[in-house]
2 protein chains.
Amino acid sequence: MGKPRKPQDCGSQQRALERLEALCRARGQRLTRQRRAVLRQLLAEGRALSAYELLARLRPEDGRSTPAGVYRALECLMQAGVVHRLESTRSFILCGHPEAPHGGQLLICRTCGQVVETEDERVEAATGRLGQRLGFSLDQRFVELTGVCERCRVPQTAH
Amino acid sequence: MGKPRKPQDCGSQQRALERLEALCRARGQRLTRQRRAVLRQLLAEGRALSAYELLARLRPEDGRSTPAGVYRALECLMQAGVVHRLESTRSFILCGHPEAPHGGQLLICRTCGQVVETEDERVEAATGRLGQRLGFSLDQRFVELTGVCERCRVPQTAH
DNA sequence: TCGCCAAATGATACATTGTATCAGTTGAAC
DNA sequence: GTTCAACTGATACAATGTATCATTTGGCGA
Ligand SMILES: [Zn+2]
Ligand SMILES: [Zn+2]
Ligand SMILES: [Zn+2]
Ligand SMILES: [Zn+2]
């Protein structure tokens, strides 16, 4: 609960949206009305949303949105690498650094809902080596760490 | 799909069941009829099962089993540390080495469904350090690596 | 510009996964 | 045996995710 990181202002939101659109196109995905709408909502929210939370935000501006439509849009955006799914909370979030395709780590604050995405070399190396050691050729790595972030742990005296 | 690791024979199954029961009791959990039945099914199956797959196996021997009952049993067994939930496949599996409570890594073969559970020091260290670096005090670590296991990759000529 | 075709959508229905509630039962402790 | 918390049974429902198919859209070549 509690407010997560505040959403970006409109100017940078617009720029971020354009950047994401360019990425989608570059990766061979049409960026349609629905998909753009999903991106916009995720960007505006600034935190992870469940598919049905997304749907609730989309319906006011497009009454024809459906679960299937939302899931299809999310599927496509995940393909394009600009959205990730949080397995442990069944929700979806914008990629934090979508420039290069990747599978990183997600740190989730269970108090404020903040999600931090990283690409930690040591974790990458360790999981890769683990797969190798056990004879697995890995194709996906889910690393989701939940806990309490610094801001939530230290009850900073608002000044 | 394809058969995963074959379930253990009845003798060692019985022993394993008794060992698990002892662990549950040691951790302050009553081991009731339903919970024992869930354990038995997971042990017999030798792979991860969804809650409803479990339910389907329980009903023939106890027609009063319900989803709520299965989830309650699973909840308790997870508390006791003898069952894990696979977030990425929404299923449940017996802990591979339940002697000490832990949160390890799960390697999942997407061909045969086999799940290997490890407690890799390097992965533990790397994720711990990552949390620390980002100011998170972690309380749970989901590390699920999916890929293809050795047996499935090398189509060994059965002899 | 026009027609074509693959991709995407809309609409509907359904499948799977997980919880809430509350009355009744059980079982360990005294 | 009584008691009380834990557990169960039963029911209903909430949340999450898919299948199907007719229709629309949009890029592309004639
Ligand atoms: Zn990312
Ligand atoms: Zn926080
Ligand atoms: Zn385990
Ligand atoms: Zn395999």
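This is a predicted model, so every value here is computed, not measured. Throughout, protein chains are lettered first and strands after them, A, B, ... in sequence-line order, and every chain is numbered starting at 1.
- Contact check, B:R33 against D:dG9: a side-chain N or O comes under 4.0 Å of OP1 or OP2.
- We find that B:R129 and A:D120 are not joined by a salt bridge, their nearest charged nitrogen and carboxylate oxygen being 4.0 Å or further apart.
- Distance, A:L55 CG to C:dT12 C1': 15 Å, rounded to whole Å.
- Under 4.0 Å is where a charged nitrogen must lie from a carboxylate oxygen, and between A:R40 and A:E61 at least one such pair does.
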Are any protein N/O atoms closer than 3.5 Å to N/O atoms in nucleotides 16-21 of chain C? If there are, list each pair with its distance.
| unit_1 | atom_1 | unit_2 | atom_2 | d |
| --- | --- | --- | --- | --- |
| C:dG18 | OP1 | B:R85 | NH1 | 2.7 |
| C:dG18 | OP1 | B:R85 | NH2 | 2.6 |
| C:dG18 | OP2 | B:Y71 | OH | 2.5 |
| C:dG18 | O5' | B:Y71 | OH | 3.2 |
| C:dG18 | N7 | B:Y52 | OH | 2.8 |
| C:dG18 | O6 | B:Y52 | OH | 3.4 |

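- Summarising the geometry, the separation between CG on A:L54 and P on D:dA15 is reported as 16 Å, rounded to the nearest angstrom.
- The main-chain N or O of B:Q41 is never found under 3.5 Å from a side-chain atom of B:R57 such that the two would form a donor-acceptor pair.
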Review point. For A:T127 and A:R141, what are the C-alpha separation, side-chain angles and deciding distance, and is it a side-chain hydrogen bond (donor to acceptor under 3.5 Å, both in side chains)?
Key: CA-CA 8 Å; A:T127 52; A:R141 308 183 194 183; 2.9 Å; yes
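- Following rounding to the nearest Å, B:L58 (CG) and D:dA10 (C1') show an atom-to-atom distance of 17 Å.
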What protein N or O atoms touch nucleotides 3-8 of chain C N or O atoms at under 3.5 angstrom, if any, and at what distances?
| unit_1 | atom_1 | unit_2 | atom_2 | d |
| --- | --- | --- | --- | --- |
| C:dA8 | OP1 | A:R35 | NH1 | 3.2 |
| C:dA8 | OP1 | A:R35 | NH2 | 3.4 |
| C:dA8 | O5' | A:R35 | NH2 | 3.3 |

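- Regarding B:D62, its CG atom lies at a distance of 6 Å from the P atom of D:dG9, rounded to whole Å.
- B:R59 places its CZ atom 11 Å from the C1' atom of D:dA10, with the value rounded to the nearest Å.
- B:R36 has its CZ atom 14 Å from the C1' atom of D:dC7, to the nearest Å.
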